[in-house]
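Note that the numbering runs from 1 along the sequence shown for the chain. Every heavy atom of this structure was used, including side-chain atoms; hydrogens, water molecules and symmetry mates were not. Ligands are counted one by one from 1 in listed order, and the atoms in each one are counted from 1 as well.
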Amino acid sequence: MKLATFTHAGSTRIGIVTDNGIIDLAAAKPDLPTEMIAFLEAGDAAMKAARSASGSLIPTADVILEAPVLKPGKVMAIGLNYGDHVVESGLETPEHQIWFTKAPSSIVGDGADVLKPAVSDLIDWEAELCIIIGKRARNVPRDRAHEVIAGYCCGNDISVRDWQLRTPQFTLGKSFDTHGPLGPWLTTADEVGDPHTLDIKCFVNGEQRQSSNTKNLIFDCFDQIEELTKAMTLEPGDVIFTGTPGGVGGAMKPMQFLKVGDTVRVEISKLGALENTLVAEDTTPQIG
Ligand code: ZN
């Protein structure tokens, strides 16, 4: 099942993506929560009810797709998690998982503008498989990690390289507004099957820049959940960016970065494609 958060006729709600349009769950199953985190918190019963929904179709062309989770409680991201990206970064394969956060306010959906900030010209792409957590999780061993995953989607860990690397903490350079595109929708874990067999590609203005497969993850999805839940409770709707393969702009010779007007497309097997275009930031102070 493919679960989308979408806006139609002025209201934002969740639905099921089908070949014939989006089943509007608010109309088809009015007892279900209409917001993704509340829906995930409602657990297996809500998921089962959604699977039985039919009718109430809205043409896909008539909706705006939003990020599947509009405001995740946490967005955790791992660094240096594909061998070719470690090599292109000139670094050693990490002994421990390298975790940083992206601000939840960086999340946007498929088709949303990505802002080119005035303060940097070093804006880079990172195609990533993203996990969306479905169940509250703490101290989850690797062999049970699959139980807490609601599903997966494409992500783009947009990175402001100078801001990322000029201090020991990545957080600010990874957290600019709109620099966490996520989508186009959540594909449930049962439909994906093994998450470690998926082709992952990134294109900039139609030119391929990254091409790998999630079998090449150094720490796989289940390792990541085991490690994170040793430290913190993961909650429904939390998002994990699982790392990017080789082919980022900062490692190209010469280096290449995104410019206003560039379109970045992330494609992952079974999950669809996520496409966003860079637009110049408005630097007018905003207060209140
Ligand atoms: Zn990344």
Looking at residues at least two apart in the chain, or sitting in another chain, which of them share a ring pair (Phe, Tyr, Trp, His ring centres under 6.0 Å) with F257? none
Mind listing the side-chain donor-acceptor pairs of residues 67-79 below 3.5 Å, one per line with the distance, residues two or more places apart or on another chain?
unit_1: K74; atom_1: NZ; unit_2: T233; atom_2: O; d: 2.7
unit_1: K74; atom_1: NZ; unit_2: D238; atom_2: OD2; d: 2.8

Measure distances from the Zn ion (ligand 1) and count the protein N, O or S atoms below 2.8 Å. 3
With a sphere of 6.0 Å drawn around CZ of R142, does it hold more than 12 non-hydrogen atoms of other residues, nucleotides or ligands? yes
Give a yes or no on whether a salt bridge exists between D44 and K135, defined as a side-chain N under 4.0 angstrom from a carboxylate O. yes
Are any of the side-chain nitrogens in K116 or D121 under 4.0 Å away from the carboxylate oxygens of its partner? yes
List for me each residue that meets ring pair (Phe, Tyr, Trp, His ring centres under 6.0 Å) alongside H196, sequence neighbours excluded, and say none if there are none. F222
